Amino acid sequence: MSHPSDAGHPTETIASVPQPRAEERERVVIDVTDEPTGVTEVTRALQAGAIADVYLRGRRPVWIGEGDDGPFIEEITKDALTLALHEHAEVFKMRKNGPAPVLLPTRVAAVVLARNNWKLPHLKGITSVPLLSPDGELHLKEGFNPATGWFYSPRIRIKDVPEQPTPEQIADAQELVVGKMLGDFPWMASSDLAQFVAALFIPLLRSMIPDPTPMWCITATNPGSGKSLLSRILADLFGIKGASWGSDNGEQRKVITSVMLESGAPVAVFDNLPSGHTIRFPVMSELLTSQVWKDRVLGRSEIVSLPNNLLWVVNGNNLTVGDDLARRSIWVRLNPDVRPDTRDPSVFAAGDLNEWLQLHSAEVLHALLTLLRGWVVAGMPKSNDHMASFGAWPRTLGGILNWMCLPGWLTDREAQMEDSDEDAFEWAGFLATWHDELGEREYTSQNLVDFAFAAATGVSAASSLSKVMPTNGDKIPNSKQLGKWLRARQGRFFSGYRIISRRDARQKINYWRVEGPSSK
């Protein structure tokens with residue numbers, strides 16, 4: 001239903017999109033008198049479209065379900081297949097007196113669903129917004145698009161987007177998004193605004209760019225600064241899949257796989273992580289650089305292979321990252337100069353943003369599509385930005401923001417990486433102290449542990465090194481653990497310092513030294 005304020009505007013908000021009605025199709029007849037014939041006929045019926053909206057995702061058939069939060073992807077089970085064929089087909093067995101209606105035998109259903117060579121349309125995902133194809137075409141038709149592999153089920157129906165937006169239309173669209181909706185957030189720097197605006201274009205470009213995206217980290221210095229409002233914007237425009245943060249690396253893997261198997265939303269949000277939390281699960285590093293995600297399905301011996309086409313977002317106060325996640329993250333930081341609870345929404349351009357979004361989310365989405373169309377008309381210019389492992393995203397998003405004359409995209413990325421990477425900060429301090437106190441001489445990991453433990457050995461750096469050495473919990477590591485940590489970081493730069501190793505093959509010992517910023 002459209003809102004009164006949307007009257008005359010070429011968009012309207014809708015609660016859901018009717019799915020194609022399989023019951024209006026001609027009902028197929030399936031003979032399951034003997035099991036082999038039944039398996040063949042059921043397989044043929046599914047591949048011929050006897051049931052609407054059946055697709056292949058990974059190696060298993062799925063269909064589009066409709067829930068309270070919108071459409072979702074659901075793997076077809078034996079019972080679900082039996083019910084669907086009961087409702088949409090004529091399943092029978094031959095008896096002495098002729099054909100008799102029956103339910104699909106469980107064994108037949110199980111064998112059918114065990115196939116690995118389906119001839120079904122490949123489903124990349126569900127999109128709640130129109131997608132821009134690589135040739136610059138904006139796909140507005142609802143339903144499955146065989147050319148893109150996406151199923152378009154809009155939360156907000158877009159009736160029209162100007163083919164050739166005028167300068168006035170482009171200016172109005174940018175003012176609505178950047179000036180009115182985002183203008184009153186307490187951005188720490190221009191880069192933070194630019195990087196959130198960039199995130200708003202990712203769900204619209206998923207057909208154009210198949211590469212995985214970095215993780216968007218929304219953080220703030222104070223509760224109530226607007227982190228959840230930024231997530232609310234993503235939810236209202238695109239729909240989000242909310243997910244709980246895992247208690248350990250294995251649990252986090254299960255959460256990721258569950259989200260990717262079931263989500264019909266283009267954005268996954270880990271909301272309200274604990275204040276000061278350090279994100280350091282190795283599985284997140286693996287996820288963010290994987291174009292295809294592979295994992296074992298919980299409770300089964302099956303490995304699924306799924307396209308990694310979601311935007312992954314985390315938010316929380318004073319977040320940091322570890323385990324090499326800094327280079328895989330884009331930061332959006334909020335830093336209010338007054339207590340957030342003292343800010344009066346009535347002085348904001350959009351007033352109370354929660355209320356404003358209810359009335360104007362359709363206009364905002366239309367504005368984003370207008371900007372995207374204007375960028376296409378301008379020749380889809382790209383920037384020279386680069387982030388290893390993330391393909392065309394940095395160049396494409398940089399090109400859109402440059403065309404909008406919105407500064408800040410990735411401009412302080414190095415500083416953000418250093419400030420937010422707790423591991424790098426810790427190791428930079430350790431290596432700087434090591435270099436200052438011990439110079440560039442070589443030591444074994446046992447030497448370093450001894451120095452840290454024994455302040456009375458006469459080595460001047462002993463007490464200083466013990467204060468900055470990375471710990472195993474709250475304890476100084478043993479030589480084996482420290483050696484493992486050093487090997488994992490050899491050659492990597494930490495604020496200009498890096499670890500250099502030399503292997504003594506005869507003694508089978510590794511020697512370590514720190515090369516400082518001024519070393520050649």
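Predicted, not measured: the structure shown is a model, and the values here were computed from it.
The heavy-atom pair separating Ile218 from Leu319 by the smallest distance is O-CD1, 4.1 Å. When all heavy atoms of Val28 and Ala50 are compared, the pair lying nearest together is CG2-CB, 3.7 Å. In terms of heavy atoms, Gly374 sits closest to Pro165 at N-CG, 3.8 Å. For Ser361 against Leu237, the heavy-atom pair with the smallest separation is O-CD2, 3.4 Å. Contact detail for Gly408 and Gln195: the closest heavy-atom pair is O-OE1, 3.8 Å. Considering all non-hydrogen atoms of both residues, Ala147 and Asn145 come closest at N-OD1, 2.9 Å.
By the 6.0 Å contact criterion, NZ on Lys382 is enclosed, its count of non-hydrogen atoms from other residues, nucleotides or ligands being greater than 12.
Between the CG atom of Leu234 and the CG atom of Leu200 there is a distance of 6.0 Å, given to the nearest 0.5 Å. A distance of 10.5 Å separates CD1 in Ile256 from CG in Leu310, rounded to the nearest 0.5 Å. Residue Asn335 holds its CG atom at 9.5 Å from CG of Asp192, rounded to the nearest 0.5 Å. Here CD1 of Ile51 is found 6.5 Å from CD1 of Ile76. Values are rounded to the nearest 0.5 Å. Distance check, rounded to the nearest 0.5 Å: CD1 of Ile156 to NE2 of His366 gives 11.5 Å. A distance of 11.5 Å separates CD1 in Ile499 from CD in Glu515, rounded to the nearest 0.5 Å.
Applying the side-chain hydrogen bond (donor to acceptor under 3.5 Å, both in side chains) rule to pairs touching residues 231-244 yields Ser231-Asn315, Arg232-Asp236, Arg232-Asn354, sequence neighbours excluded. Sorted pairs that involve residues 201-213 and meet side-chain hydrogen bond (donor to acceptor under 3.5 Å, both in side chains), not counting sequence neighbours, are lacking altogether. Among residues at least two apart or in separate chains, there is no salt bridge (charged side-chain N to carboxylate O under 4.0 Å, His left out) pair with a member in residues 113-133. Identified under the salt bridge (charged side-chain N to carboxylate O under 4.0 Å, His left out) test for residues 246-260, with sequence neighbours left out: Arg253-Glu286, Arg253-Asp295. Among pairs with a residue in residues 395-409, none fulfils side-chain hydrogen bond (donor to acceptor under 3.5 Å, both in side chains), at least two apart in sequence or across chains. Pairs engaging residues 108-130 under the ring-ring contact (aromatic ring centres under 6.0 Å, His included) rule: none recorded [sequence neighbours left out].
For the pair Leu113/Arg60, no side-chain contact is recorded, criterion being any heavy-atom separation below 4.5 Å from C-beta on. Side-chain contact between Leu368 and Val129 is absent, with no heavy-atom pair separated by less than 4.5 Å. No side-chain heavy atom of Trp375 sits under 4.5 Å from any side-chain heavy atom of Phe201. Counting heavy atoms from C-beta on, the side chains of Trp331 and Thr219 come closer than 4.5 Å. Considering only heavy atoms from C-beta on, Phe185 comes within 4.5 Å of Leu353 through its side chain. Annotation: side chain of Tyr55 is in contact with side chain of Phe144 (closest heavy-atom distance under 4.5 Å). With a 4.5 Å cut-off on side-chain heavy atoms, Cys217 and Val332 do not count as touching. Residues Lys294 and Val304 form no side-chain contact, since every pair of their non-hydrogen atoms from C-beta on lies 4.5 Å or further apart.
A donor-acceptor contact under 3.5 angstrom links the side chains of Thr278 and Thr320, judged on distance only. Side chains of Lys227 and Asn317: a donor-acceptor N/O pair is present below 3.5 angstrom, by distance only. One side chain, Glu363 or His360, offers a donor N or O that lies under 3.5 Å from an acceptor on the other. In the model, Asn510 has no side-chain atom that pairs as donor or acceptor with a side-chain atom of Ser501 under 3.5 Å.
Between the side chain of Ser225 and the main chain of Thr221, no donor-acceptor pair closer than 3.5 Å is present. Without hydrogens or angle criteria, Ser128 side chain to Phe238 main chain gives a donor-acceptor distance under 3.5 Å.
Electrostatic pairing of Asp172 and Lys180 does not count as a salt bridge here, judged by no charged N lying under 4.0 Å from a carboxylate O. With respect to the salt-bridge test (charged N to carboxylate O, under 4.0 angstrom), the residues Glu142 and Arg157 qualify.
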Item checked: Phe430/Trp427 under ring pair (Phe, Tyr, Trp, His ring centres under 6.0 Å): CA gap, chis, key distance, verdict -> CA-CA 5 Å; Phe430 173 49; Trp427 277 84; 5.5 Å; yes
Next item on the list: Let me see the working for Leu182 and Ile233 under side-chain contact (heavy atoms from CB on, under 4.5 Å), right down to the final yes or no.
Entry: CA-CA 10 Å; Leu182 301 177; Ile233 290 171; 3.7 Å; yes
Next item on the list: Tell me, with the steps shown, if Leu397 and Ile202 meet side-chain contact (heavy atoms from CB on, under 4.5 Å).
Entry: CA-CA 8 Å; Leu397 296 174; Ile202 289 176; 4.1 Å; yes
Item checked: Residues Asn309, Gln291; criterion side-chain contact (heavy atoms from CB on, under 4.5 Å); working and verdict -> CA-CA 8 Å; Asn309 48 36; Gln291 191 164 351; over 6 Å; no
Check: So Gln252 and Phe270, side-chain contact (heavy atoms from CB on, under 4.5 Å) or not? Walk me through it.
Finding: CA-CA 11 Å; Gln252 185 72 0; Phe270 297 98; 3.6 Å; yes
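Residues passing the ring pair (Phe, Tyr, Trp, His ring centres under 6.0 Å) test with Phe281 are Trp245, sequence neighbours excluded. For Asp385, there are no salt bridge (Lys or Arg N to Asp or Glu O under 4.0 Å) partners two or more places apart in sequence or in a different chain. Taking the ring pair (Phe, Tyr, Trp, His ring centres under 6.0 Å) definition, one finds that Trp293 meets it with nothing, sequence neighbours left out. Evaluation of the ring pair (Phe, Tyr, Trp, His ring centres under 6.0 Å) rule for Tyr497 yields His435 as partners, not counting sequence neighbours. Ala173 is linked by a side chain to side chain contact (heavy atoms under 4.5 Å, CB included) to Ala367, Thr370, Leu371, counting only residues two or more places apart in sequence or in another chain. The salt bridge (Lys or Arg N to Asp or Glu O under 4.0 Å) search around Arg328 returns Asp324, not counting sequence neighbours.
Screening Asn308, Val255, Ile73 for a side chain to side chain contact (heavy atoms under 4.5 Å, CB included) involving Met260 leaves a single residue, Asn308.
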